[in-house]
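In what follows, chains carry the letters A, B, and so on, assigned in the order in which the sequence lines appear, proteins first and then strands, with residues in each chain numbered from 1.
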2 protein chains.
Amino acid sequence: MEEAKLTLLLDDRSGLPIYTQIVNQIQSQLVNGILKPGDQLPTVRAMAQELRVNFNTVARAYRILDEERIISTQQGRGTFITEIPPPEVSVRLRYESLSALTQRFINEAFRLGFSEREVSQMVRDNLKSMKEAIITDSE
Amino acid sequence: MEEAKLTLLLDDRSGLPIYTQIVNQIQSQLVNGILKPGDQLPTVRAMAQELRVNFNTVARAYRILDEERIISTQQGRGTFITEIPPPEVSVRLRYESLSALTQRFINEAFRLGFSEREVSQMVRDNLKSMKEAIITDSE
DNA sequence: CTTTTATTGTACTAATTGTATCATTGTAAC
DNA sequence: GTTACAATGATACAATTAGTACAATAAAAG
């Protein structure tokens, strides 16, 4: 949950653009557990200097990862790893991921003084209105 | 009517700037009665140290809350929760507070590819096991 | 009571971060 | 060779946070 050292290796012979290599390597480091949710990535400029590339190239990689919801970039603050991506992860990991997310949510709600009834009611209402919104959108 | 301990939790994954997180949480704690009218908030420097952020970040949050008339900041004295807001405002704020928290949770869960069924099931399970834990603790 | 000191929030500026836009470069297709 | 396009670089910008000096109030010292 801290800032990662994050050593990436660029390969000129790979034929892949730099930003793609950065995307791939961050993805694999996440899958391998080298990067974990909450970790802060190096700033675009720091990583750019490390890799001797323009910081916009790193920014491009970060933007792609952000669009894939793998990281969360925040102007003025930095970039952070979000949750485990859904793809091919095992059923167990998937379950644990949702469980952790739910526990954080419920703990927060309780900490703020909301009751069990209020929480479950609000979840129901939100899910319901979200479903209706989807139906409306597709008309 | 005394100074609050006021434990706030910052979350890097939330995507929200620190000052916004502080604003949201103080609002929530107010509408849930954790903070009461007249309560003194920690000084900007004390809270900053607690959260390991710059005190100007806390000051920014306090300034926003001050503009919303939720708190009253007084140079040289401190910051205090203002006197009773109209009850219907309080109720509305309370609802909106939980609604916003819930929406963030559900959006995140959907983003991770979980279905509506999975989400509501997980919420039920978590609430249930939490209730049992409380019962067990009190034996 | 007056003066001094400490504590508190404020104002302004600087530094750090990601973003947006356009220019340059290189490569492939024609 | 020209053109088209993708990748990268340069520059300016915006958002957030940090640093510094200051003003108002309270508390302490005398």
Over how many whole Å does the gap from [X] atom [atom1] to [N] atom [atom2] extend?
{"X": "B:R77", "N": "D:dA26", "atom1": "CZ", "atom2": "C1'", "value": "9 Å"}
{"X": "B:M47", "N": "D:dA18", "atom1": "CE", "atom2": "P", "value": "15 Å"}
{"X": "B:L51", "N": "D:dT16", "atom1": "CG", "atom2": "P", "value": "17 Å"}
{"X": "B:Q49", "N": "D:dT17", "atom1": "CD", "atom2": "P", "value": "19 Å"}
{"X": "A:L16", "N": "D:dA7", "atom1": "CG", "atom2": "P", "value": "10 Å"}
{"X": "B:Q40", "N": "C:dT8", "atom1": "CD", "atom2": "P", "value": "8 Å"}
{"X": "A:L41", "N": "C:dT17", "atom1": "CG", "atom2": "P", "value": "13 Å"}
{"X": "A:R63", "N": "D:dA7", "atom1": "CZ", "atom2": "P", "value": "11 Å"}

Can a donor-acceptor pair be found between the side chains of B:Q75 and B:T73 at a distance below 3.5 Å?
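No - no donor-acceptor pair under 3.5 Å links their side chains.
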
So, A:R77 and A:Q40: side-chain donor and acceptor under 3.5 Å apart, yes or no?
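Looking only at side-chain atoms, A:Q40 and A:R77 do not form any donor-acceptor pair under 3.5 Å.
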
Ionic contact status for A:R104 with A:E108, cut-off 4.0 Å:
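No, this pair does not count.
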
On DNA chain C, compare the nucleotides closest to B:T79 and A:T43; which residue's is nearer the 5' end?
B:T79

From CD1 (A:I26) to CD1 (A:I34), nearest 0.5 Å:
11.5 Å

Of all the choices, C:dT8, C:dT19, D:dT16, which nucleotide is nearest to the side chain of A:A59 once you look at every atom?
C:dT19

Nearest-nucleotide pick for B:V44, side chain only, options being D:dA26, C:dG18, C:dG9
C:dG9

Phosphate OP1/OP2 of C:dG9 contacted by B:Y62 side-chain N/O (<4.0 Å):
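For B:Y62, the contact criterion (side-chain N or O under 4.0 Å from OP1 or OP2 of C:dG9) is not met.
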
Using a cut-off of strictly less than 4.0 Å, decide whether A:T73 has a side-chain nitrogen or oxygen near OP1 or OP2 of C:dT17.
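It does not, given that no N or O in the side chain of A:T73 lies less than 4.0 Å from OP1 or OP2 of C:dT17.
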
Give me the distances for all protein-to-nucleotides 9-13 of chain D N/O pairs that come in under 3.5 Å?
residue : atom : partner : partner atom : Å
D:dG9   : OP2  : A:N54   : N            : 2.7
D:dG9   : OP2  : A:T57   : OG1          : 3.2
D:dA10  : N7   : A:N56   : ND2          : 3.0
D:dA10  : N6   : A:N56   : OD1          : 3.3
D:dA10  : N6   : A:N56   : ND2          : 2.7
D:dT11  : O4   : A:N56   : ND2          : 3.3

Heavy-atom donor-acceptor pair, B:S99 side chain to B:Y95 backbone, under 3.5 Å
no

Assess whether side chain to side chain donor-acceptor pair (under 3.5 Å) is satisfied between B:S14 and B:Q21, documenting all intermediate values.
CA-CA 9 Å; B:S14 72; B:Q21 295 185 48; 3.2 Å; yes

Is the charged tip of B:R60 near the ring of B:Y19: under 6.0 Å from the six-membered ring centre and within 45° of its axis?
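Checked: cation-pi criterion met.
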
